[in-house]
Chemist: 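The structure follows.
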Amino acid sequence: MRRTKRSDGAASRRLIRLTAPVLALLPVLALSAGALPAAARSASLTAAVPPVAADSAVGDEGRLLFTFTDPRIDESSGLAVSPTHDGIVYTHNDSGDSARFFAVGMDGKTRATFRLAGVAARDWEAMAASVDPATGKGVLWFADIGDNLDGAWPDVSVYKVDEPATMRSATLQATRYRFRYEGGARNAEGMMIHPKTGRLYIVSKEFSGSVFIAPKVLRTDRVNLLKRVGPAPIMATDAAYAPDGSSFVIRTYFSASLYRAPGDLVTRLTMPPLKQAESIAYTRDGKALLTGSEGLNSPVYRVPLPVDVVGPSASATPAEAADAPTGTAGAGDKGSVTASGGGPGKDEGGGIPFSMVALWVGTAVGAIGIIAAIAYRTAR
């Protein structure tokens, strides 16, 4: 009997630790889903998310650029603007699809479909585009980094392919890089490539998210180690670097956050209301963002950046300075909650999907019930 009580007590404490972040987040989730009365929203969010001095949301939430018309694109999870083909964006589906991606024109129609030879798509969540400085040719990156069980996979993968020279459907050869996180596995949905240095970054999707940096030289013969270099907003769903490397953006279900370097927040950006905001990318001129959603015939919006944050081409120094010692963040690290989307008093339309809110609330309520039952048994 004593062994049972000790076991129950340990289980109770473990459940409390697991559910505490969910319980603490319930006011924010209720706000995002519109569950709180209007009069209570400002006070609730102000209490849940501390103010940020650099907050200057964009008034223009963007305009609809196009909608995907291809019925095969039903869970657009990654988005990238072609660095070499005018008027072309690339996208891929979330988990459940094969290792393929689509080239889409500004009218929303698919121009070509490309497959990666010998690649299994476990849970593709993000993509990025870069330019090889030696050849001037485009390079595409696909991140198989989703891990909804937070540790189900011993490592995650990123695939690198040369951008197709023509918009003609084909099968492409890919180079695979395997990664693991220092400090344990993470669920992630954001990946970005620094345009000046070619450095790869992964952004985790967590209540207290992080930005991780990959080694300068990626190895194919062993697993590459990802090191934490800064915080990320709550439940980040995508990320992208500006074409000049002067800043990067992290998308969440709430909004988007603009950074000069990991931990150095510039501002939060108001995003258009989307069913399930999953993707973000810069335009080639760096003056606007493209953001999309999952779902059949999902839209892609163009959101202009504030003039005061679209500066001249910057050197790689600020971002590379973020290559901090293991387990530390950059000098400007203000914490992931402070940098999360949605500032004080804002009621943003692009909140967390209701189904996700219901799932989290249901999980919290269920956990509370289990904890109560265990506590009751232990007390007997």
Side-chain angles (χ1 to χ4, degrees), residues 76-85 88-95 97-103 112-147 153-181 188-203 211-227 238-243 245 248 279-282 284 316 319-320 323:
S76 174
S77 186
L79 190 68
V81 175
S82 169
T84 63
H85 297 290
I88 293 293
V89 297
Y90 298 107
T91 191
H92 63 81
N93 286 319
D94 205 331
S95 58
D97 198 3
S98 58
R100 64 179 179 177
F101 65 97
F102 306 87
T113 303
F114 301 97
R115 298 182 181 276
L116 274 56
V119 172
R122 191 167 59 190
D123 192 356
W124 282 20
E125 289 290 357
M127 71 171 298
S130 62
V131 175
D132 185 335
T135 65
K137 294 182 178 180
V139 179
L140 303 180
W141 306 76
F142 299 90
D144 196 346
I145 55 176
D147 187 352
W153 317 118
D155 54 65
V156 294
S157 299
V158 173
Y159 297 93
K160 175 186 176 182
V161 301
D162 292 333
E163 184 182 15
T166 61
M167 292 296 99
R168 185 177 302 165
S169 297
T171 298
L172 310 175
Q173 297 299 316
T175 300
R176 181 191 183 191
Y177 300 104
R178 297 162 59 206
F179 298 90
R180 68 176 177 85
Y181 300 89
E189 293 192 6
M191 176 188 64
M192 53 190 181
I193 306 294
H194 194 290
K196 302 292 186 181
T197 66
R199 205 73 177 267
L200 184 147
Y201 295 80
I202 299 291
V203 181
V211 177
F212 293 87
I213 192 170
K216 291 181 179 179
V217 178
L218 299 180
R219 300 281 297 268
T220 58
D221 58 341
R222 68 185 187 194
V223 178
N224 298 274
L225 184 64
L226 294 165
K227 296 183 178 181
D238 203 5
Y241 250 109
F248 66 85
S279 60
I280 201 160
Y282 279 83
R284 280 169 67 175
E320 289 303 296
D323 193 1

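Note that the numbering runs from 1 along the sequence shown for the chain.
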Chemist: If I take atom CD1 from residue Ile213 and atom CZ from residue Arg199, how far apart are they, to the nearest 0.5 angstrom?
Modeler: 3.5 Å
Chemist: Between Tyr159 and Trp124, how do the two ring planes meet: parallel, tilted or perpendicular, split at 30° and 60°?
Modeler: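 Tilted, since the angle between the ring planes falls between 30° and 60°.
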Chemist: To the nearest 0.5 Å, tell me how far Leu226 CG sits from Tyr181 OH.
Modeler: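 Spacing of CG (Leu226) from OH (Tyr181) equals 6.0 Å.
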Chemist: So, for Ala240 and Met192, which heavy atoms are closest and what is the spacing to 0.1 Å?
Modeler: CA-CB, 3.9 Å
Chemist: Measure the spacing between CZ of Arg176 and CG of Leu116 and express it to the nearest 0.5 Å.
Modeler: 12.0 Å
Chemist: Check His85 against Ala165 and note the closest heavy-atom contact, atom names and distance.
Modeler: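 Looking at all heavy atoms of both residues, the closest pair is CE1-O, 3.0 Å.
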Chemist: How close do Ser279 and Asp238 get, counting heavy atoms only, and between which atoms?
Modeler: CA-OD2, 3.2 Å
Chemist: When the ring planes of Phe101 and Phe142 are compared, do they come out parallel, tilted or perpendicular, using 30° and 60° as the limits?
Modeler: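 Phe101 vs Phe142 ring planes: tilted.
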Chemist: Please report the C-alpha distance between Tyr177 and Thr220 in whole Å, then the side-chain angles of each, then the deciding distance to 0.1 Å, and finally whether the side chain to side chain contact (heavy atoms under 4.5 Å, CB included) criterion is met.
Modeler: CA-CA 5 Å; Tyr177 300 104; Thr220 58; 3.5 Å; yes
Chemist: Rounded to the nearest 0.5 Å, what's the gap from NE2 on His194 to CG on Leu200? Could you check?
Modeler: 12.5 Å
Chemist: Looking only at heavy atoms, what is the nearest atom pair of Ser95 and Arg122, with distance?
Modeler: CB-O, 3.7 Å
Chemist: Would you say the side chains of Thr113 and Arg100 form a donor-acceptor pair under 3.5 Å?
Modeler: no
Chemist: Should we count CG of Asp162 as having more than 12 external heavy atoms under 6.0 Å?
Modeler: no
Chemist: Which is it for Tyr241 and Tyr201 under the ring pair (Phe, Tyr, Trp, His ring centres under 6.0 Å) test, yes or no, and what are the steps along the way?
Modeler: CA-CA 10 Å; Tyr241 250 109; Tyr201 295 80; 5.7 Å; yes
Chemist: Can you find a pair of side-chain heavy atoms, one from Pro83 and one from Arg284, that are under 4.5 Å apart?
Modeler: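 Side chain of Pro83 against side chain of Arg284, heavy atoms only: no contact under 4.5 Å found.
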Chemist: So how far is it from His92 NE2 to Phe102 CZ, rounded to the nearest 0.5 Å?
Modeler: 10.5 Å
Chemist: If we only count heavy atoms from C-beta on, is the Val156 to Arg178 side-chain gap below 4.5 Å?
Modeler: no
Chemist: Can you confirm whether the side chains of Glu163 and Ser82 place a donor and an acceptor under 3.5 Å from each other?
Modeler: yes
Chemist: Looking at Ser77 and Glu125, would you say the former's side chain and the latter's main chain have a donor-acceptor pair under 3.5 Å?
Modeler: yes
Chemist: I would like to know whether Ile145 and Asp123 meet side chain to side chain contact (heavy atoms under 4.5 Å, CB included); could you show each step before the answer?
Modeler: CA-CA 6 Å; Ile145 55 176; Asp123 192 356; over 6 Å; no
Chemist: Any idea which heavy atoms bring Ala174 and Val161 closest together, and the distance?
Modeler: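 The pair with the smallest heavy-atom distance is CB-CG1, 3.4 Å.
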Chemist: Is it true that, when you exclude Arg168 itself, more than 12 heavy atoms of the residues, nucleotides or ligands shown sit nearer than 6.0 Å to its CZ?
Modeler: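 12 or below, so no.
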Chemist: Has Asn224 got a side-chain atom pairing as donor or acceptor with Arg219's backbone, closer than 3.5 angstrom?
Modeler: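 Yes, because the side chain of Asn224 sits within donor-acceptor range (under 3.5 Å) of the backbone of Arg219.
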Chemist: Return the minimal non-hydrogen interatomic distance between Pro195 and Ala242, and the atom names on each side.
Modeler: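 Distance-wise, the nearest heavy atoms are CG-O, 3.2 Å.
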Chemist: Rounded to the nearest 0.5 Å, what separates atom OG in Ser130 from atom CG in Leu140?
Modeler: 8.0 Å
